[in-house]
Protein chains: 2
Amino acid sequence: MSSSIKDVALHAGVSVGTVSNVLNHPSRVSSKTVKRVQKSINELGFVRNDAARQLRAGESRTIALLVFDAANPFFTALARGAEDAATDEGYSVILANTSESQEREHSYLDLFEEQRVRGILISPYGDVEERLSALKKFGIPSVLVDRVSENQVFSSVSVDDHAGGTIAANHLLNLGRTRIGFVGGPLEIPQVADRLRGAQDALQASPGATLTIFETSATTVLEGRTAGEKIREMSPAERPNALFAANDLVAIGLLQALVATGSLRVPDDIAIIGYDDIDFATSAIVPLTSIRQPSALMGETALKLLREEALDPSKKPRRVVFQPELVIRESA
Amino acid sequence: MSSSIKDVALHAGVSVGTVSNVLNHPSRVSSKTVKRVQKSINELGFVRNDAARQLRAGESRTIALLVFDAANPFFTALARGAEDAATDEGYSVILANTSESQEREHSYLDLFEEQRVRGILISPYGDVEERLSALKKFGIPSVLVDRVSENQVFSSVSVDDHAGGTIAANHLLNLGRTRIGFVGGPLEIPQVADRLRGAQDALQASPGATLTIFETSATTVLEGRTAGEKIREMSPAERPNALFAANDLVAIGLLQALVATGSLRVPDDIAIIGYDDIDFATSAIVPLTSIRQPSALMGETALKLLREEALDPSKKPRRVVFQPELVIRESA
DNA sequence: ACCTAACTTTGAAACGATTCAATCTAGAAT
DNA sequence: ATTCTAGATTGAATCGTTTCAAAGTTAGGT
């Protein structure tokens with residue numbers, strides 16, 4: 001079926017070692033031979049068997065990117081940044097989607113371990129640091145994306161979520177809003193928790209203001225809509241007059257529930273601020289005020305950190321933190 | 001560094017063959033031995049080397065999904081469907097993003113060939129049928145997604161884009177619109193071409209109506225916005241009073257250019273209909289009327305077809321065509 | 001013509017699993 | 001006690017590369 005290096009060697013009248021050299025170290029082979037071998041390769045349709053190569057060479061050229069919500073444009077933008085950087089370095093990035101399932105997160109990590117990928121870029125969903133430590137000992141480095149390492153063991157690329165939360169809350173406070181609602185969850189997700197904490201800290205400085213938490217089971221459009229429907233039914237007196245959504249997907253869901261039904265006006269009755277500044281924020285039913293994260297740049301940076309660790313496993317983990325940025329549109 | 005099956009065998013006091021059997025055919029091994037070997041595996045932290053396994057067994061458990069725009073929610077929904085189905089079958093799906101680059105499309109196909117993946121799910125960007133035929137001969141089957149095989153050589157899962165175009169155009173015509181604009185491109189992309197042709201055929205039946213084509217270089221939000229800006233500048237007399245966008249991303253871009261600036265009203269001055277019915281369509285600045293495709297179901301179906309071909313390479317290619325559905329919201 | 005140094009080429013030994021024919025149990029049946 | 005059988009275990013061969021010491025080749029200098 002598929003021809004091997006041995007077939008090529010036979011066809012070209014050289015030894016297998018020479019064919020391998022043509023493939024990997026062409027400079028060691030005379031140009032005459034290179035040409036002859038190349039010709040045989042083409043004629044036989046030879047394709048290197050990566051499994052065999054990897055087995056012997058012990059080194060893979062692929063990097064895995066594991067995210068918990070591939071449908072979130074923030075992650076696709078990040079993936080794009082990582083991919084572009086990887087292409088430049090000669091790596092290939094394969095993507096895997098955890099779909100907010102710890103089980104799947106683990107089974108993908110198992111897969112990557114068996115595949116001996118060169119490294120892992122991960123935006124963790126569950127508690128995986130221990131697992132990643134084991135992988136590191138095993139020779140597979142990882143870089144955390146959009147989340148910092150609790151024990152400084154891993155390099156990470158993140159955004160200062162606490163600062164982002166503060167910026168968001170302050171913006172709402174400056175607008176004169178006092179009854180603020182935070183919508184997002186689960187609160188165990190560090191990104192969500194930090195944004196919330198940032199908002200809470202901002203509230204400290206404004207004695208009159210209150211913050212109510214509307215916890216959701218995921219940060220999706222659907223969950224946002226569900227929360228929005230509940231908020232819509234509240235009495236005007238106790239209903240928040242401003243909402244801070246844990247991300248833009250949730251914010252869009254809120255918009256759907258609050259505005260699309262015509263029951264409330266944004267931002268007049270209720271202001272909404274999102275997080276991530278995804279492409280769709282501009283074109284939301286009410287263009288969304290949001291907190292921008294440099295997604296593509298984050299992906300690119302993460303890949304560079306990973307490459308450094310892959311080349312030198314003893315390298316000290318580095319932590320890169322980007323600052324978020326307020327983007328004011330119409331919703332708040 | 002990492003222990004091999006031989007180490008495990010030594011540690012457990014059995015032969016390598018037995019360890020392998022514990023891993024792959026536990027029923028052939030006495031439960032006493034299974035337990036002992038498992039214990040050694042845990043103590044040594046043994047992880048099977050997939051490269052070696054694949055080399056010998058000649059069979060991979062991963063399936064590749066190659067799309068040309070991972071940022072398009074239609075594809076992420078499709079990917080999600082495929083992943084769920086794959087998990088059920090014991091396969092793993094890895095995603096790769098072509099980013100609308102023929103070069104990258106080819107280099108990923110090269111990678112998958114070297115990796116001897118079990119099969120490929122592909123939404124092709126460039127002209128790859130020949131390449132895929134070669135892969136098939138090589139033992140790697142593929143299933144086309146969102147596009148039919150020109151020569152019936154591959155199984156495919158698609159939506160009747162021609163019908164979708166007709167439905168969209170008819171809806172606009174029923175609304176009394178006569179100067180219709182089609183926005184999308186490149187026109188070489190079959191999905192785009194078919195949708196356009198479907199619209200043109202619908203127009204045939206309405207003598208008074210005209211169709212103008214605004215070709216874009218990609219079906220993205222940005223390209224849609226650019227096209228929208230041009231349309232905005234046209235004189236009211238020659239400006240279309242209805243637009244059919246090749247997909248929702250383009251439609252959202254159009255909305256940004258036309259509505260967000262306050263210059264035109266949708267649908268009063270100009271109606272807009274999109275395609276795909278992505279999640280964000282509901283929450284667009286003007287909730288988007290669109291043509292729905294059953295994205296997750298398509299992914300799931302594609303995976304099943306692929307599995308069939310993987311099990312029986314001589315199987316006749318099957319073509320599954322779903323029918324699109326009109327979803328009326330406010331933009332048209 | 002001979003020596004050297006620099007290139008080329010060779011081929012056997014890994015890499016770590018799976019496979020399978022052959023051997024070895026242990027208990028049942030005679 | 002002996003034979004039989006089904007199940008359990010073994011270990012060498014194999015998959016297709018890369019690697020690297022050794023052998024072979026070439027050409028330049030004397």
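A note on names: the letters A, B, ... follow the listed sequences, proteins ahead of strands, and every chain is numbered from 1. Quick note: numbers below take in every heavy atom, side chains included, and nothing from hydrogens, waters or symmetry partners. All figures in this text were calculated on a predicted structure; none of them were measured in a lab.
The phosphate of C/dT9 has neither OP1 nor OP2 within less than 4.0 Å of any side-chain N or O from A/S15. In this model, the phosphate group of C/dT18 is approached by a side-chain N or O of B/R48 to a distance below 4.0 Å at OP1 or OP2. Taking side-chain N and O atoms only, B/S4 has no distance below 4.0 Å to OP1 or OP2 of C/dG16. Between A/T18 and C/dT10, a side-chain N or O to OP1/OP2 separation shorter than 4.0 Å is present. The side chain of A/N24 places an N or O atom within less than 4.0 Å of a non-bridging phosphate oxygen (OP1 or OP2) of D/dT18. Distances shown here put a side-chain N or O of A/S30 below 4.0 Å from the OP1 or OP2 atom of C/dT9. The side chain of A/H25 contributes an N or O atom lying less than 4.0 Å from OP1 or OP2 of D/dT19.
Across all strands shown, B/V19 has no heavy atoms under 4.0 Å from either base or sugar-phosphate atoms. As judged by a 4.0 angstrom heavy-atom cut-off over every strand, B/S20 is placed among the base-contacting residues. Contacts of B/S27 with the nucleic acid, taken as non-hydrogen atoms under 4.0 Å apart, involve only primed sugar atoms and P, OP1 or OP2.
Between the side chain of B/R56 and the base of D/dT14, at least one donor-acceptor pair of N or O atoms lies under 3.5 Å.
Checking each of B/L65, B/L109, B/I63 against B/I120 for a side-chain contact (heavy atoms from CB on, under 4.5 Å) leaves exactly one that passes, namely B/L109.
At whole-Å resolution of the value, CD in A/E59 and P in C/dC15 are 17 Å apart. The distance from atom CD of A/Q54 to atom C1' of D/dT17 is 11 Å, rounded to the nearest whole Å. Atom P of nucleotide C/dC15 and atom CG of A/N49 are separated by 18 Å, given to the nearest angstrom. Between the C1' atom of C/dT25 and the NZ atom of B/K32 lies a distance of 11 Å, rounded to the nearest Å. Between A/I5 atom CD1 and D/dT17 atom P there is a gap of 5 Å when expressed in whole angstrom units. One can place CG of B/L44 at 15 Å from C1' of C/dG16, the figure rounded to the nearest angstrom. Atom CD in B/Q115 sits roughly 15 Å away from atom C1' in D/dT17 (whole-Å rounding). Computed from coordinates, the B/E114 CD to D/dG16 C1' distance equals 13 Å when rounded to whole Å.
Ion pairing between a basic and an acidic side chain is recognised when a charged N comes within 4.0 Å of a carboxylate O; B/E59 and B/R61 show such pairing.
The residue among B/L55 and B/N21 whose nearest nucleotide of DNA chain C lies closer to the 5′ end is B/L55. Across the interface with DNA chain D, nearest-nucleotide mapping of A/R28 and B/V16 shows B/V16 to be the residue nearer the 5′ end.
The CG atom of A/L55 lies 13.0 Å from the OG atom of A/S60; values are rounded to the nearest 0.5 Å. Between the CG atom of A/D110 and the CD atom of A/E105 there is a distance of 11.0 Å, given to the nearest 0.5 Å.
Ring-plane geometry between B/F68 and B/F75 is classed as perpendicular, the angle between the planes exceeding 60 degrees on a 0 to 90 degree scale with a lower cut at 30.
Residue A/E103 qualifies as open at atom CD: its count of foreign heavy atoms under 6.0 Å is 12 or below.
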